[in-house]
Amino acid sequence: MPQIEHCVFFKRAIKVSDNEIAKVMEKLASITERLNGASNFRSGTNISPEGLHQNFLDGFIIQFDDVAARDAYLVDDEHKLAGAMLVELINGGVDGLIVFDLPIISA
């Protein structure tokens, strides 16, 4: 089974501060540290010069050892709470969110 890069990108609501986003990112990072098979949490603001972001300016990525580790994260109660907190900060709620899981293929 390949490792997975769980990529989440979102459109922050205009009224939302960096501090509000940081609190949710800290919660997600702590979940990543706690769960077996989850690692390498990264978050930040888009820095691409291409201008193709379609207002998805913020995001985070978590690496999972396998599908089972990713699935354990998805049903985790703290993840569900952090996800609900994040959706409250997103322009358009769930419609302002993209989740994309990529397999990590070793060469």
Side-chain angles (χ1 to χ4, degrees):
M1 259 188 256
Q3 291 182 313
I4 296 171
E5 288 277 340
H6 179 70
C7 308
V8 178
F9 306 107
F10 56 93
K11 298 177 181 183
R12 180 194 309 206
I14 293 171
K15 65 183 187 305
V16 173
S17 70
D18 289 344
N19 189 44
E20 290 173 290
I21 296 294
K23 286 180 184 177
V24 177
M25 294 303 114
E26 288 170 14
K27 185 151 190 68
L28 290 165
S30 73
I31 295 166
T32 303
E33 292 170 7
R34 177 178 53 78
L35 288 177
N36 289 331
S39 63
N40 204 18
F41 177 86
R42 297 158 340 260
S43 66
T45 303
N46 178 41
I47 59 170
S48 173
E50 294 179 287
L52 300 174
H53 52 73
Q54 298 180 31
N55 291 321
F56 289 90
L57 298 177
D58 296 280
F60 66 91
I61 297 174
I62 303 171
Q63 186 171 323
F64 292 101
D65 289 348
D66 52 31
V67 170
R70 189 266 327 265
D71 291 351
Y73 165 80
L74 294 178
V75 298
D76 182 78
D77 288 337
E78 288 185 46
H79 164 252
K80 290 179 183 180
L81 177 62
M85 291 169 58
L86 182 60
V87 168
E88 291 295 318
L89 304 177
I90 294 174
N91 185 19
V94 175
D95 290 339
L97 175 72
I98 293 175
V99 178
F100 202 95
D101 288 351
L102 293 169
I104 300 172
I105 309 296
S106 299

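Hydrogens, waters and symmetry mates play no part in the numbers below; they use all other heavy atoms, side chains included.
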Can you get from [X] to [Y] by hopping between Ile, Leu, Val, Met, Phe, Trp and Tyr side chains that sit under 4.5 Å apart?
X: Leu89; Y: Leu97; value: yes
X: Ile90; Y: Met85; value: yes
X: Val8; Y: Ile31; value: yes
X: Val67; Y: Ile104; value: no
X: Phe100; Y: Ile62; value: no

### Query
For Tyr73, which residues count as a ring pair (Phe, Tyr, Trp, His ring centres under 6.0 Å) partner, sequence neighbours excluded?
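By the ring pair (Phe, Tyr, Trp, His ring centres under 6.0 Å) rule, Tyr73 matches His6, Phe64, His79.
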#### Entry: Residue list, ring pair (Phe, Tyr, Trp, His ring centres under 6.0 Å) with Phe60, at least two apart or on another chain
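Listed in chain order: Phe41.
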### Query
Does Phe10 offer a backbone N or O that forms a donor-acceptor pair with the side chain of Arg12 under 3.5 Å?
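A pair under 3.5 Å: no.
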Hey, what do you get for [atom1] ([X]) to [atom2] ([Y]), rounding to the nearest 0.5 Å?
X: Lys11; Y: Asn91; atom1: NZ; atom2: CG; result: 7.0 Å
X: Thr45; Y: Ile21; atom1: OG1; atom2: CD1; result: 8.5 Å
X: Thr32; Y: Ile61; atom1: OG1; atom2: CD1; result: 12.0 Å
X: Glu78; Y: Arg34; atom1: CD; atom2: CZ; result: 4.0 Å
X: Leu28; Y: Leu81; atom1: CG; atom2: CG; result: 10.0 Å
X: Asp58; Y: Leu86; atom1: CG; atom2: CG; result: 9.0 Å

### Query
Is it true that Glu5 and Arg42 make a salt bridge, defined as a side-chain N closer than 4.0 Å to a carboxylate O?
yes
### Task
Kindly write out the residues that satisfy salt bridge (Lys or Arg N to Asp or Glu O under 4.0 Å) with Asp77, not counting sequence neighbours, or none if the list is empty.
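Partners of Asp77 under the salt bridge (Lys or Arg N to Asp or Glu O under 4.0 Å) test: none.
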#### Entry: Connected hydrophobic set around Val87, excluding itself, where side chains approach under 4.5 Å
Val94
### Message
Testing the basics here: between Ala69 and Gly37, what is the closest heavy-atom pair and its distance to 0.1 Å?
### Response
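Between these two residues, the closest heavy atoms are CB-O, 3.6 Å.
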### Query
Just wondering, are more than 12 heavy atoms of other shown residues or ligands nearer than 6.0 Å to NZ in Lys27?
yes
### Message
Please enumerate all residues that pass side-chain hydrogen bond (donor to acceptor under 3.5 Å, both in side chains) together with Asn36, with sequence neighbours excluded.
### Response
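Partners of Asn36 by the side-chain hydrogen bond (donor to acceptor under 3.5 Å, both in side chains) criterion come out as none, since no residue qualifies.
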### Task
Return the set of residues passing side-chain hydrogen bond (donor to acceptor under 3.5 Å, both in side chains) with Arg70 (not counting sequence neighbours), or none when no residue passes.
Asp101
